[in-house]
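The first residue in the sequence is number 1, and the count goes up from there. Note that ligands are numbered from 1 as they come in the structure, with each ligand's atoms numbered from 1 the same way. Note that these values count all heavy atoms, side chains included, but never hydrogens, waters or copies made by symmetry.
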Amino acid sequence: MNSLVSTTAIEAQSQAAASEEVVRLTDVKRRFGATAALDGISLTVRRGEILGIIGRSGAGKSTLIRCLNGLERADSGEILIEGRDITGLSEQELQRLRRRIGMIFQHFNLLSAKTVEENVALPLKIEGLAKNERLRRAHELLELVGLADKAKAYPASLSGGQKQRVGIARALAARPALLLSDEATSALDPETTRSILALLKDINRKLGLTILLITHEMEVVRGIADRVAVIDAGRIVEEGQVWSVFANPQAEITGSLLGGIRPQLPEHIAGRLSATAGSEAILSVDLAGPQAQGALFAELSAALPHSFRLVHGGIDHIQNQPVARFFIAVPARDPALAGKVEQFLTARSARVEVLGYDTDHA
Ligand SMILES: Nc1ncnc2c1ncn2[C@@H]1O[C@H](COP(=O)(O)OP(=O)(O)OP(=O)(O)O)[C@@H](O)[C@H]1O
């Protein structure tokens, strides 16, 4: 049966109601002594969705993932997997639950003494499937992850990216309802990371697989997630569609995690900004959606000629939505000009901030 839940009528009903939610956490808490590792986490992951959970080291990501697969017990709160609360399950029931949850890890966790096909088939051996069935399924999965020719190889002869492909095939062997990815690309170089994220996205589309991934890299979230939840000190401090959180981060931690992949004011300019006076005012301009396509600056130029010059920035496309961030310089000789430019842009849904005055621009 393709479910964790046993077949009493009431349970079947509640499962149907919750079938679109593979995961639902409500006010989950877990302390270690004085440390609140999880301090009231509530979130949902819908079927077929990819949710990215991002946070700094120590934010609570591993504790969250361990609570989800039952390796850690929550102190309080509710954890529903496919509509069933797992917080009170016995060890034996948790083992059955884990079959519904595939996991991939930063360091792959492959068995070095077993071949690739044996690694992939292992979860099915535990399930009690006959050997020819196990190998048939393993080959099907190796085909899916592009490693059909490595079935007889040992993990030591594979690259990091190939090892993670084996890890993904193994995680999918028992047809899980949920794939948990624990920093699965953190040990990989950027190009291999991109290929693994593309593979996960492809599997998500082909199989409708629900994926919850934890990471400390916004690039990973940007590359694959539908929604993102930002975790800090055991709390979800921000949550939303990836493009919208990238376009308009609310929490300070989100802004800082985004720092590496959003345009930033070049350091040599930032370093010489004055808070009060200079030859140009430097403004940051954030835009998302149709307004971010670029016509806005042409309109600004037409409405207020010679009112600005572009300093830095660009347009990104996230989940097919344009997300733009520019830095512009407005001559300070007319003290009212920066205010007029700001007004023009904010009236058209841009977020504008005066960062300071450039003291050195000729
Ligand atoms: N078994 C434990 N005993 C004591 N403290 C713990 C334990 N597990 C986690 N913690 C503490 O709980 C907090 C959250 O830890 P957790 O490992 O969940 O964070 P994380 O976001 O996964 O960090 P990282 O990215 O570094 O793995 C940290 O302050 C950590 O020191």
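- At least one protein heavy atom sits closer than 4.0 Å to atom 1 (N) of ligand 1.
- Side-chain contact between T87 and L89 is absent, with no heavy atoms from C-beta onward closer than 4.5 Å.
- The aromatic rings of F326 and F297 lie perpendicular to each other, with more than 60° between the two planes, well past the 30° mark.
- If you check which protein heavy atom lies closest to atom 25 (O) of ligand 1, you get K61 NZ, 2.9 Å.
- Comparing S186, G58, A37, G60 against atom 12 (O) of ligand 1, the shortest heavy-atom distance belongs to A37.
- In the hydrophobic clustering of this structure, L144 groups with L209; members are Ile, Leu, Val, Met, Phe, Trp, Tyr whose side-chain heavy atoms approach within less than 4.5 Å, directly or through other members.
- With contacts defined as side-chain heavy-atom distances shorter than 4.5 Å, the pair H216/R56 does not qualify.
- Each of R262, R325, R222 was evaluated against D316; a single residue qualifies, R222, per the side chain to side chain donor-acceptor pair (under 3.5 Å) test.
- For ligand 1, the polar-atom distance check finds an N/O of S57 within less than 3.5 Å of one of the ligand's N/O atoms.
- Checking atom 30 (C) of ligand 1 against the protein gives no heavy-atom contact under 4.0 Å.
- Of all protein heavy atoms, the one lying nearest to atom 18 (O) of ligand 1 is T63 OG1, 2.6 Å.
- With hydrogens and angles disregarded, a donor-acceptor distance shorter than 3.5 Å links the side chain of Q162 to the backbone of S159.
- Contacts of T35 with ligand 1, taken as heavy-atom pairs under 4.0 Å, involve the side chain alone.
- For ligand 1, none of its N or O atoms has an N or O atom of F32 under 3.5 Å away.
- Atoms of ligand 1 found under 4.0 Å from any heavy atom of A59, numbered from 1 in the order shown, are 19 (O), 20 (P), 21 (O).
- Proximity of a side-chain donor or acceptor of E238 to a complementary backbone N or O of Q250 within less than 3.5 Å is detected.
- Applying the 4.0 Å criterion to heavy atoms of S62 picks out, from ligand 1, the atoms 17 (O), 18 (O), 20 (P), 22 (O), 27 (O).
- Of all the atoms in ligand 1, the ones that sit under 4.0 Å from a non-hydrogen atom of R56 are 21 (O).
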